[in-house]
Amino acid sequence: MTDMTIPTVDDLASDVLTHRFDDMFNPPGLTNFLGAVQVDHDIVAVRSVNFPPFGHGDTVTGTLYLDGRLFRSYGRPVHVVWRPDRVDRRTEVDGIRIETTTACPPGVTGVVVDIRVTNTGSATRTMSLGLAVASSVTEQAPWRRSIPPSEPNTLTPVAGAPAVIGRAGQTAARSVQGLDARAARGSTATVSAEAGAPRMLTADLVLSPGETTEIGYVHVLAGSDSAAMDTFDELARDVPLAITDAETVWNRQLEAAFTAGSGEFSGSMPILHTTCEPLRRLYWWGVLGVIWFRRDSAASVLGRTYDTLTPRYWQTTTFIWDYSLSSLVHALLDPEPMRRHIEHWVATDIHTHFGTEWQTGGPVGNWYSVNDYAMTRLVRDYVRFSGDRAFLTHPLAAAGAGEQPLSSHVVQWSEAWKQLRRGSRLADYGEIDNLLECVSTYVHEVASLNAANVWCMRAAAEMVELGGDAAAAQRLRGEAERLVDDVLELYAPGSGFFHARYPDGTLVPVRHCYDFATVGTTIPDDVPPEQRAEMVEFFQRELQTPSWMRALSPYDADATYSLRPDHQWNGAYPAWPADAARALVAMGAGDVALDWLPGLARTANQGPCGQAHFVEEAAAPVNGGAVKSPPQFPYLIDWACSSAGAWAALVIESLFGVSVSLDGTVTATPIVGRLDPQARLSGLVVGGTSYDIAADGSVQVR
């Protein structure tokens, strides 16, 4: 560690990740806050090169050939290390060592790969290095599909340069790919005349024993020939400098995230001081996993935004649910974009979509039943940490309705469940696509969101009471109290899990973590002690694993329905372990959570949280950490997911026990002292006042 309080890119580097050919490996991604790129199962190749409005789809390009033979055909292992600013890859084949560094240079819509080739043999080697390139660039807005857009391109050589240009047929979009100035001598760029053959950039190398040579590959997207060529020429002049620039910018972002008034963010995260490595690792993991999704694109109608999945799926879409799972980090780190998103989502009909697309602001997808809970949580976290209590009285108009104070919208969200009742006191949240998507029995009346309705009414009561409406607050709290018993009727006595109730009254047992975590974090004090103990025992028995957890128990009858590991038996979505640990603390089983942390911290060894990680039985761990699940069918898992902020919330609100009320009062009831009696948080900014929180529960104004 170079700094034990504020991380650098070196501190956040992954372990060495090794794969061969097409192992179940999710290749790392990169971003420069304009778009994203993913490296491929290769030593040079990249894919998903997308910088909205310029989409390249999921096209793979820059695939390596050695002396005319496809590198992947050798079956050699490739060793990969991710950092926020770069991906390093290395391999050896037939007396040649190849090392590459891939980066997204700051401020440009492109990617560079620095290629270092070393002759490890005892004789001079003459060899040809070829890169098979493809182009599918297009220009489009909005992006409303899971895969970014693309279209067929024509590729032609660039006169006087070892490069090819791809031109879209329907738009002015351009893609330029080529070799850098170091490779210009003795290099050629060719476009095969044979239909369907790969377009190949080639460089002829002569290496003495022990000699190393370097070549750069550059790929840029733009809206015209001149713009694409200008950017290409700039990067091709000095690829190593572009890589250094990426490191400089990323280190600046990381420092700024923990520095109030940095100018890079509208807020800041508190600094964690601890000698406990697992605690530090999980906290940094949570913060990093939100920063990585920041987008500062001129194509955004919302200004700064935060994507949800990347680098392969749903670019330009912000899911309300996922944003809310990182709500605390957004409220502390970047409250200004958070307020804009809340205002924007109020103006849409949140009961008709799961998120919005930032190039147009338009809705994307079907209704997610969690939206009322998610929006209530976002408003509450924004107001209590920012201190912007006037926001609750700010007039906003929902879709098709007149203006009313934000607090009135919150009250409506908290009571929207009443319109979903179908013969019982509980809300019926519909079918599979409204809920967990890959658990077929988790439908209709579920314990999680009905428990969340209790929490939402109590949160709404707190807001209207702050505004002076004591009668409305009393009514909401009374409704919440009466609803608790109806929620607990779904519990399967003695089991630790809940039923889903179907429209005909059938109770179907569902052993899913979302009930455990959501009931445990929204109404823990309403659950009888015996039931809390049973829930904890169920979690330990059927869901918890050494370094991760199962979303669904393998004893559940629906465990055969899907292999998508974010919500099934073979893995879990990245917020579920963090939220499960928060539930453990809230239900009085903090020691179970603390004992679990070292294993969970081992999973923070592969870059930001994946959309899902496999449990140990489904795939071998990486150095003791639960491995990221792969993107291909039937898993369909992206490399990173923005709900990572749940881990920072676990550290701040559960382990340090920080409680911030709407009026700005800060208290703490920590359990972190068992890990590190000297641990503390410094610079927790609430309403413009900075606090230090110690492991003994003391709260000091700085």
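All values below come from the heavy atoms of this structure, side chains included, with hydrogens, waters and symmetry mates left out. Remember, it's a predicted structure, so these values are computed and weren't measured experimentally.
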Stepwise side chain to side chain donor-acceptor pair (under 3.5 Å) check, Q170 with E139: CA-CA 9 Å; Q170 304 299 316; E139 184 175 0; over 6 Å; no
Check: H353 and W367 side chains under 4.5 Å, non-hydrogen atoms: no
NZ/NE/NH1/NH2 to OD/OE distance under 4.0 Å, R339 and D388: yes
W358/D307 under side chain to side chain donor-acceptor pair (under 3.5 Å): CA gap, chis, key distance, verdict: CA-CA 9 Å; W358 49 256; D307 278 348; 2.6 Å; yes
Axial cation check for F33 ring with R294, 6.0 Å and 45° limits: yes
Side-chain heavy atoms of R501 within contact of H444, under 4.5 Å: no
Atom of M463, atom of T376 and distance for their closest heavy-atom approach: CE-O, 4.1 Å
Matching residue for M269 among I291, V287, L681, T259 - test: side-chain contact (heavy atoms from CB on, under 4.5 Å): V287
R564 and E437 ion-paired at < 4.0 Å: yes
Derivation and outcome, salt bridge (charged side-chain N to carboxylate O under 4.0 Å, His left out), residues R482 and D485: CA-CA 6 Å; R482 288 188 291 274; D485 288 341; over 6 Å; no
Heavy-atom check, side chain of S266 versus side chain of P337, under 4.5 Å: yes
Pair E489 + R425, salt bridge at N-O below 4.0 Å: no
Side-chain ion pair, R304 and E264, N-O less than 4.0 Å: no
Near-ring test Y323/H341, centroid separation under 6.0 angstrom: yes
Parallel, tilted or perpendicular, as decided by the 30° and 60° cut-offs, for the rings of Y573 and W576: tilted
Sidechain N-carboxylate O distance under 4.0 Å for R458, E481: yes
Side chain proximity check, Y429 to N450, heavy atoms < 4.5 angstrom: yes
R145, CZ atom: more than 12 neighbouring heavy atoms under 6.0 Å: no
Residue pair D372 / H351, side-chain donor-acceptor N/O under 3.5 Å: yes
Heavy-atom side-chain contact between T348 and P363 under 4.5 Å: no
K418 with E479: basic N within carboxylate O range, under 4.0 Å: yes
Identify all side-chain donor-acceptor contacts of residues 508-515 below 3.5 Å with residues at least two apart in sequence or on another chain.
residue: R511; atom: NE; partner: E542; partner atom: OE1; Å: 2.8
residue: R511; atom: NH2; partner: E542; partner atom: OE2; Å: 3.2
residue: H512; atom: ND1; partner: Y514; partner atom: N; Å: 3.0
residue: H512; atom: NE2; partner: H567; partner atom: O; Å: 3.0
residue: D515; atom: OD1; partner: Y442; partner atom: OH; Å: 2.5
residue: D515; atom: OD1; partner: S448; partner atom: N; Å: 3.0

is_close_aromatic(W292, W639), centroid dist under 6.0 Å: yes
Sole residue of T317, N434, D322 in side-chain contact (heavy atoms from CB on, under 4.5 Å) with F354: T317
Mutual orientation of the aromatic rings belonging to Y491 and F498 [parallel < 30°, tilted 30-60°, perpendicular > 60°]: perpendicular
Exceeds 12 heavy-atom contacts within 6.0 angstrom, atom CD of Q474: no
Parallel, tilted or perpendicular: rings of F516 and F539 (30°, 60°): parallel
Ring centres under 6.0 angstrom apart (Y306, F293): no
All side chain to side chain contact (heavy atoms under 4.5 Å, CB included) counterparts of A36, not counting sequence neighbours: R295, T310, P311, Q315
Evaluation steps, side chain to side chain donor-acceptor pair (under 3.5 Å), between T316 and E357: CA-CA 5 Å; T316 78; E357 195 272 348; 3.0 Å; yes
